[in-house]
Structures are given as C-alpha cells and as structure tokens.
Amino acid sequence: MSVRVRFAPSPTGALHIGGVRTALFNYLFAKKNSGTFILRIEDTDQGRFVPGAEQYIQEALKWCGIEPTEGQGYGGNFVPYRQSERKDLYYQQAKILLEEGKAYYAFDTESELEHMRDRLANEGIPAPKYDATVRMNMKNGLTLSIEETQKLLAADTPFVIRLKVDPGDSIQFTDIIRGDVVFDTAELDDKVLIKADGMPTYHLANIVDDHFMEITHVIRGEEWISSAGHHILLYKAFGWDHPEFAHLPLIMRPDGKGKLSKRDGAKFGIPVFPISWNGETPEDSFEGFREYGFEPEAVINFLAFLGWNPGTDQEIFSLEELVDAFDLSKVHKSGARFDIEKARWYNQQYILNMSAEELESRMVKSKIELVSDKEKSRNIINLYKERVHFLKEMPLQADYLMHEPNTVDEAALKKHWKPGLEPKIVEFTNALSETNYVNASELEAIAKEKLKEFGLKPGEVFPIYRLALAGGLQGPTVFEMLEILGKEGFSRIIRRIEEFSNLTI
RNA sequence: GGCCCGUUCGUAUAGAGGCCUAGGACGCCUCCCUUUCACGGAGGAAACACGGGUUCGAAUCCCGUACGGGCUACCA
C-alpha cells in the first residue's frame with residue numbers, strides 16, 4: 001500500500017511555524033516513500049474560523065516549497081477536503097456507534113456540566129471529567145429511557161453525542177518516534193464526538209477522514225499524543241485498522257518555557273510565521289520569516305534540523321537532499337528550542353552559496369533595489385553576499401556605492417587623520433586615478449607600487465580612502481570600492497579629503 | 001493534582017554496552033589572513049540531571065528521585 005500522509009491544519013489564523021515543521025516532516029516522509037502529501041482543512045470549529053486562513057496556509061506552503069499534491073485547493077479522489085463540507089459523513093458514522101451502544105446522546109446543558117465539575121471539585125477531584133464514574137448522574141441516553149430520549153430529540157433539544165469509554169482496559173500503540181505508549185481507559189473521558197451545532201469534534205472527524213482518505217501515517221505534533229488513546233478506541237469501535245502514528249516533538253520558546261506560540265514573536269523579536277499575516281488588529285498582525293528576510297531554503301533547512309538530523313556532519317541540505325536523508329525514526333523525542341541565531345546562520349550560508357545572478361533575481365522579486373545597471377548590481381552583490389545575513393541588508397550596507405555619503409565616522413577620522421599629509425595623499429590620488437587598471441586586484445598592485453614612490457604607508461592612506469568613500473571603516477577593500485565607483489571614486493576622495501581637513505582643524 | 005512524554009556543552013545535536021580522553025555545528029573567546037568589516041583558517045572555554053542497580057565494562061539497559069514539557073473543552 002502506498003504511503004499517504006496529510007497535513008490537517010485548522011483555519012483559525014496564520015499558520016504557525018510549528019505547523020510548517022509538521023507539514024515539512026509530512027512532506028519529507030511522503031516524498032521519501034514515493035507517497036502522497038495531502039492538505040485537509042479542519043474547519044469544524046465555526047467560532048474560531050478565520051476567513052483567509054486557508055489561502056494563507058496554501059501560500060505559506062508554496063513559499064516554503066512544500067506544496068501538497070492532493071487536497072483542498074489541489075483536488076483528488078476524496079473531495080471534499082474541507083471538513084465542514086463533510087459534515088453528513090461524520091454524523092452517519094456517529095450514528096453507527098450510537099446503534100451499537102458505543103456512543104450515546106447527552107443533553108446536559110452548559111450549566112449542568114459546570115455544576116458537575118464544581119461538585120466533583122469540591123470532593124477534591126481537580127480535573128473532573130465526564131466519564132463512567134459520572135455519566136450515570138447526568139442527563140443522557142444512558143440514564144434516560146428510550147422514550148424520554150426520543151421525546152427530547154423530537155423536541156429539538158440540543159444534544160451532543162459522546163463516546164462511551166469503559167474502564168478496565170489498557171490501550172497500547174506503537175509510536176514510530178516514541179515507541180510503545182500505553183493508556184488506561186479509566187483515565188479517558190467520554191469525549192464529545194458530535195457537538196451541539198451538529199459539527200464533529202476533531203477526534204471524530206480526524207478518525208473518519210483518515211480512514212476514508214486512506215491515510216497510512218499520521219504525523220502530527222506531540223500535543224496530540226494524549227488524545228491518541230481516544231483515537232485508537234475510535235478505530236476499534238468502528239472496526240478499522242488504525243494508521244501508524246508519529247508524534248513530533250514541539251518547538252519551544254527561545255527561553256525553553258513552553259511551546260512556541262504566536263505571541264512569542266513580539267516577545268522575543270523573532271518571526272513565528274512563515275509569511276506575514278494581516279489580522280484585523282495590530283496585535284493580530286505578524287511579520288513572517290519571508291518579510292524578516294529569510295530565504296525559504298534556509299527556513300526549511302533550519303526547521304528540518306529542529307528535532308531531527310541525518311547523523312552526519314552535513315548541515316546544509318537542499319529539499320531534495322532532505323528527502324533523501326530523512327528518517328522518521330530518527331526524529332527526537334524532546335522539544336527543540338527555537339534559536340534565531342542558528343536560523344540567521346543558515347540564511348547567511350544560503351546567500352553565500354548562491355550566484356550573484358540568482359541573488360539578483362531574488363532581490364528583484366522581493367523588491368529590494370540596488371542599482372538599475374545589471375553589471376554594477378551584480379558586482380555589488382558579489383562584494384556583499386559574504387557580509388550580510390539577509391538580502392535586504394545589502395542596499396543599506398552598500399548605500400555609499402550608490403550615493404555619496406554625507407556623514408563620516410568622526411572618531412575613526414580623528415584616529416587616522418594625520419594633519420599635513422593631505423596634499424601628498426591628494427597628489428597620490430590624482431596619480432592613481434590616471435593609471436590604467438582593469439580590476440581591483442590590478443589597481444591594488446599599482447597602488448602599492450605608487451605608494452612607495454610617494455613615500456606613503458598603506459595605513460596612512462587607505463583608512464582615509466575608506467572614510468572618504470564610505471564614511472566608515474567597514475566594508476570591502478578600497479580597491480573593490482574604487483572598481484565599482486570608477487572615476488567618481490577618485491573625485492569623491494579628493495572632494496572629501498578637503499572636507500575632512502576642514503573638519504579636523 | 002492526575003495521566004502521558006521527555007532530560008548529552010548556552011542552543012540545536014552525534015552517540016544503538018567497550019571505537020568516548022564524549023565528536024562536529026551555531027553562539028562566545030584568542031590567534032592567523034588583512035588598511036577595516038566580512039569570508040576563510042588555526043586554537044580555546046563549555047555537556048552525559050541526580051541516586052541506585054544490571055554488567056568484566058554504562059552517556060547508552062533497568063528502577064527511583066529531581067527537573068522540564070504536553071494534555072486534562074461541545075478548540076484544534
């Protein structure tokens with residue numbers, strides 16, 4: 001049987017980076033096994049539904065390069081892939097359980113449920129649950145006569161359908177990542193399967209869809225492991241084989257205190273979403289990895305290494321290489337902290353290893369402007385690709401190659417300026433500007449030669465050049481700067497040396 | 001509180017009983033290259049949570065403790 005996995009997010013807002021990692025691992029596992037990666041939209045909570053979230057999910061996966069080949073927005077043999085459009089199916093399935101006595105109607109109102117919880121809390125039970133020990137005291141199909149139940153149903157009394165979980169059993173399953181996991185049915189509550197609004201809960205919809213969509217492996221976050229017991233029970237109740245399970249470790253906050261959440265983005269000054277999300281309020285709007293300046297390959301590489309690694313020293317992996325190396329059973333069990341420094345390093349590595357042509361086209365796509373002249377633009381990129389972590393830093397750092405700076409690092413100037421030397425430097429500059437050179441390294445050779453003729457030391461001239469050309473001490477060699485600036489470079493030096501001598505008087 | 005899961009340098013990790021004097025990476029520090037920054041190179045500080053077992057031998061297997069995380073909704 002061929003591998004079929006699904007990524008099944010809820011359209012409740014922007015897709016969190018942890019969700020992207022779940023999608024990635026599903027994608028890698030599918031590709032590795034020549035299987036199918038499916039997108040299913042779990043929109044069973046009408047209260048939390050957010051318009052636009054579904055499109056966001058598709059766009060985000062596309063940007064990351066891990067698009068599904070089947071599912072909502074992609075088609076397939078199991079349409080529809082939106083759970084809200086499969087509502088009838090879930091109800092039909094719940095009825096089967098009802099008829100077999102594996103589920104029951106419950107009519108308890110919210111206040112009755114609250115009452116029950118309060119009562120049990122007073123008895124010293126900290127987290128009361130609707131289970132075998134309390135259900136006979138509640139208003140449901142087990143305590144009411146068949147006639148009473150029918151009457152309530154006929155009168156359109158709001159109801160839910162609950163799974164009847166009986167104590168005394170132990171449920172065991174083998175998780176691909178975690179090994180054997182065991183639950184005692186006495187610990188499990190009578191989970192709601194169908195809500196009062198007629199929608200299924202996650203638990204029912206999930207099992208029904210995974211079964212009918214012929215999902216072979218359920219790869220999801222660790223937050224689901226506790227409900228896996230219910231899921232197994234449900235598969236048993238239906239008489240279906242359950243798929244394989246793999247519960248992924250969570251991505252933790254940078255300080256390790258809990259799982260990463262959307263609010264942590266603002267708190268730690270880090271992106272937690274793949275691409276920006278514009279909610280209705282500023283508090284609900286977030287900058288994404290894309291807008292932060294990350295290249296998708298770097299994000300994927302970084303994410304892949306959160307909780308998994310190939311067991312070799314190689315750290316830079318293309319998507320194809322990840323597919324090749326990926327092994328679900330080598331995924332870690334414990335949560336991995338989000339480390340923005342490592343993410344930055346990945347991004348730098350990707351920039352460093354890309355051609356100027358590639359970087360230029362990416363900059364055009366992201367509307368990062370350098371200069372219109374293609375050759376000049378590529379020269380600048382080649383100079384700066386090893387000096388930035390993000391492409392958007394380039395126009396800032398290389399600004400002096402496009403406009404003459406109007407400030408100067410005065411402390412640095414004071415340190416390097418030798419009064420009285422300026423006529424000689426100007427003379428040297430004039431001489432240098434008249435030489436014929438084809439590139440920076442040739443210019444450098446000529447300059448060093450000429451320096452001796454003029455009796456000047458490199459340290460007396462080049463820092464001043466740097467300050468004159470760029471306004472600061474940092475950057476590529478002055479010869480590389482001059483190669484790009486051409487004649488303008490020399491005249492800028494002479495012009496600014498004049499300014500400097502006024503400044504330092 | 002209960003249940004489930006986990007724990008190797010600051011971080012992400014290698015490690016499947018002897019190859020471990022615990023390896024490489026990010027970050028940090030020193031040095032080299034150099035007119036500066038960066039890249040690159042050389043080096044450094046830095047970890048098996050603790051306590052018991054099992055074994056000739058434990059980071060690795062078992063038990064306990066501590067600590068951390070997840071779940072504990074008519075949310076997913």
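So that the names make sense, note that chain A is the first sequence line, chain B the second, and so on, each numbered from 1.
Checking Ser84(A) against Asp43(A) by side-chain atom types alone, a donor-acceptor pair falls below 3.5 Å. For the residue pair Asp209(A)/Gln83(A), the side-chain donor-acceptor check at 3.5 Å is satisfied. Counted by atom type alone, Thr477(A) and Glu480(A) present one or more donor-acceptor pairs between their side chains at under 3.5 Å. Using a 3.5 Å distance cut-off with no hydrogens or angles, the side chains of His247(A) and Arg220(A) do pair a donor with an acceptor. Residues Asn379(A) and Tyr384(A) have side chains that never bring a donor and an acceptor to within less than 3.5 angstrom of each other.
Taking the P atoms as reference points, G6(B) lies 36 Å from G44(B), given to the whole Å. Comparing C33(B) with G40(B), their C1' atoms sit 8 Å apart, to the nearest whole Å. Using P as the reference atom, G41(B) and A25(B) are 9 Å apart when rounded to the nearest Å. Of the P atoms belonging to C37(B) and A22(B), the separation is 35 Å, rounded to the nearest Å. Between C71(B) and C29(B), the distance separating the two P atoms is 38 Å to the nearest Å. G1(B) and C20(B): their P atoms are spaced 43 Å apart (whole Å). Nucleotides A46(B) and G23(B) have their C1' atoms positioned 14 Å apart, rounded to a whole Å. Going from the C1' atom of C28(B) to that of A47(B) covers 16 Å, rounded to whole Å.
Taking the six-membered ring where tryptophan is involved, the planes of Tyr91(A) and Phe159(A) are tilted, since the angle between them lies from 30° to 60°. Classification of the Phe428(A)-Tyr465(A) ring pair by plane angle, with boundaries at 30° and 60°, yields tilted.
In this structure, CG of Leu250(A) is placed 14 Å from P of U7(B), rounded to the nearest angstrom. One can place CE of Met481(A) at 12 Å from P of C37(B), the figure rounded to the nearest angstrom. Per the geometry, OH belonging to Tyr350(A) stands 18 Å off C1' belonging to C39(B), to the nearest Å. Per the geometry, CD1 belonging to Ile316(A) stands 18 Å off P belonging to G24(B), to the nearest Å. If you take NZ of Lys333(A) and P of C4(B), they are 17 Å apart, rounded to a whole angstrom. Per the geometry, NZ belonging to Lys257(A) stands 15 Å off P belonging to C67(B), to the nearest Å. The nearest whole Å value for the distance from the CG atom in Leu352(A) to the C1' atom in C26(B) is 15 Å. C4(B) atom C1' lies 15 Å from atom CZ of Phe245(A), rounded to whole Å.
Mapping Glu341(A) and Arg178(A) onto RNA chain B by nearest heavy atom places Arg178(A) closer to the 5' end of the strand.
A cation-pi arrangement, defined by a distance under 6.0 Å to the six-membered ring centre and an angle within 45 degrees of its axis, is absent between Arg135(A) and Tyr130(A). Geometric assessment of Arg466(A) against the ring of Phe462(A) yields a negative cation-pi assignment under the 6.0 Å and 45° thresholds.
As judged by a 4.0 angstrom heavy-atom cut-off over every strand, Phe183(A) is placed among residues touching the sugar-phosphate backbone only. Residue Gly258(A) is in sugar-phosphate contact alone, with no base atom involved, counting any heavy-atom pair closer than 4.0 Å across all strands shown.
Checked for salt-bridge contact, Lys342(A) and Asp339(A) miss the test: no charged N lies under 4.0 Å from a carboxylate O. Of the charged side-chain nitrogens involved, none lies within less than 4.0 Å of a carboxylate oxygen, so that Lys414(A) and Glu410(A) do not count as a salt-bridged pair.
Put simply, Gln348(A) has a side-chain N or O that comes within less than 4.0 Å of OP1 or OP2 on C39(B).
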Sort me out a list of protein N/O and nucleotides 31-36 of chain B N/O pairs below 3.5 Å, or just none if empty.
residue : atom : partner   : partner atom : Å
U35(B)  : O2   : Arg466(A) : NE           : 3.3
U35(B)  : O2   : Arg466(A) : NH2          : 3.3
U35(B)  : N3   : Arg466(A) : NH2          : 3.4
U36(B)  : O2'  : Leu473(A) : O            : 3.3
U36(B)  : O2   : Arg466(A) : NH1          : 3.0
U36(B)  : O2   : Leu473(A) : O            : 2.6
U36(B)  : O2   : Gly475(A) : N            : 3.0
U36(B)  : O2   : Gly475(A) : O            : 3.1
U36(B)  : N3   : Arg466(A) : NH1          : 3.2
U36(B)  : N3   : Arg466(A) : NH2          : 2.9
U36(B)  : N3   : Gly475(A) : O            : 2.5
U36(B)  : O4   : Arg466(A) : NH2          : 3.4
U36(B)  : O4   : Thr477(A) : N            : 3.3

Shorter than 3.5 Å, N or O on both sides, protein versus nucleotides 18-23 of chain B: list them out with atom names.
none

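Under the Watson-Crick or G-U wobble criterion, with both distances below 3.5 Å, C3(B) is paired with G70(B).
Shown here for Leu234(A) and Leu163(A), the closest heavy-atom pair between the two residues is CD1-CD1, 3.6 Å. The minimum heavy-atom distance linking Asp264(A) with Arg253(A) is given by the pair OD2-CG, 3.1 Å.
Counting only heavy atoms from C-beta outward, the side chains of Leu233(A) and Leu188(A) approach each other to under 4.5 Å. Side chains of Lys385(A) and Leu359(A) form a contact here, defined as non-hydrogen atoms less than 4.5 Å apart. Between Leu24(A) and Ile300(A), the closest side-chain pair of non-hydrogen atoms falls below 4.5 Å.
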Letter per nucleotide, 5' to 3', of nucleotides 71-76 of chain B [B base touched, S only sugar-phosphate touched, - untouched; heavy atoms, 4.0 Å] = SB-BBB
Footprint string (nucleotides 60-66 of chain B, 5' to 3'): B base within contact, S backbone only, - free, heavy atoms under 4.0 Å = -------
Would you mind building the protein contact string for nucleotides 9-14 of chain B? One character per nucleotide, 5' to 3', B for base within reach (heavy atoms under 4.0 Å), S for sugar-phosphate only, - for untouched.
-> --SSSS
Would you check, one step at a time, whether the test side chain to side chain contact (heavy atoms under 4.5 Å, CB included) holds for Ile316(A) with Asn301(A)?
-> CA-CA 7 Å; Ile316(A) 303 296; Asn301(A) 203 149; 4.1 Å; yes
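Remark: Tyr104(A) pairs with no residue by the ring pair (Phe, Tyr, Trp, His ring centres under 6.0 Å) rule, at least two apart or across chains.
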